[in-house]
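First comes the structure, then the notes that go with it.
Residue numbers count from 1 along this sequence.
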Amino acid sequence: NLPDGSHIVVCEVDDVFRQIPQAEYARNLFRIDASGQVLWRVPLARESYPHCFLDVRQDDEGRLIASNFDSWDYEVDIDSGRITKHAFFK
């Protein structure tokens, strides 16, 4: 939960979800407001090899960090959903 009542949501990717194009299911990170409206949906992290997000957390400095299936951490702007940095963590 964020102070304004919105939520950061990672949709689980299962076999049914995988029936849509990979470029769509790789964008499985959303910010939803208190009334259920989508405020943003994360863009593709890497167009050449898209993978879904598995986890999201806020670090000690309040930055939103999303980890995806191919062992990358992405810093996501909490207001816009834009990816601002990335780092390999394997």
Side-chain angles (χ1 to χ4, degrees):
N1 292 344
L2 298 173
D4 66 356
S6 66
H7 302 273
I8 304 297
V9 177
V10 178
C11 294
E12 185 175 327
V13 176
D14 60 15
D15 291 337
V16 173
F17 204 71
R18 289 183 190 271
Q19 293 176 19
I20 63 175
Q22 186 173 8
E24 284 299 308
Y25 78 68
R27 297 180 60 217
N28 64 323
L29 179 64
F30 301 83
R31 183 174 178 183
I32 311 294
D33 72 14
S35 68
Q37 297 294 314
V38 175
L39 298 174
W40 54 254
R41 182 179 181 192
V42 75
L44 279 179
R46 293 174 45 201
E47 289 190 34
S48 61
Y49 197 62
H51 277 292
C52 61
F53 289 96
L54 302 175
D55 180 53
V56 65
R57 65 194 180 283
Q58 280 190 286
D59 67 10
D60 294 337
E61 296 171 15
R63 294 176 297 203
L64 188 65
I65 307 297
S67 303
N68 75 353
F69 183 78
D70 59 348
S71 301
W72 286 86
D73 277 346
Y74 294 88
E75 184 178 327
V76 179
D77 181 86
I78 205 160
D79 294 318
S80 69
R82 187 174 54 91
I83 293 172
T84 57
K85 292 182 184 178
H86 63 277
F88 190 70
F89 69 85
K90 195 170 192 179

Can you find a heavy atom in the side chain of L64 that is under 4.5 Å from one in the side chain of E75?
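A side-chain contact is absent here, since even the closest heavy-atom pair is not under 4.5 Å.
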Quick one, C52 and E12 - any side-chain contact, counting heavy atoms below 4.5 Å?
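No, their side chains stay 4.5 Å or more apart.
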Would S6 and D33 count as a side chain to side chain donor-acceptor pair (under 3.5 Å) if you check the C-alpha gap in whole Å, the side-chain angles of each, and the deciding distance to 0.1 Å?
CA-CA 4 Å; S6 66; D33 72 14; over 6 Å; no
Within the side chain of W40, is there an N or O that forms a donor-acceptor pair under 3.5 Å with the backbone of I78?
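Yes, the answer is positive, given that a donor and an acceptor are paired below the 3.5 Å cut-off.
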Main chain of F30, side chain of R41: is a donor-acceptor contact present, judged purely on distance under 3.5 Å?
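Side chain of R41 to backbone of F30: no pair is present.
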Using 30° and 60° as the class limits, which term best fits the ring planes of F88 and W72: parallel, tilted or perpendicular?
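F88 and W72: perpendicular rings.
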Relative to the ring of H51, is the ring of F69 parallel (under 30°), tilted (30 to 60°) or perpendicular (over 60°)?
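Tilted, since the angle between the ring planes falls between 30° and 60°.
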Taking atom CD1 of I20 and atom CD of Q22, what is their separation to the nearest 0.5 Å?
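Here the interatomic distance stands at 10.5 Å.
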Using every non-hydrogen atom in the two residues, find where [X] and [Y] come nearest and quote the distance to one decimal.
| X | Y | value |
| --- | --- | --- |
| V76 | A66 | CG2-CB, 4.2 Å |
| A26 | L44 | CB-CD2, 3.9 Å |
| P43 | G81 | CD-O, 3.3 Å |
| V9 | I32 | CG2-CG1, 3.8 Å |

Less than 4.0 Å between a side-chain N and a carboxylate O, is that true for R63 and D73?
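A salt bridge is absent here (no side-chain N lies under 4.0 Å from a carboxylate O).
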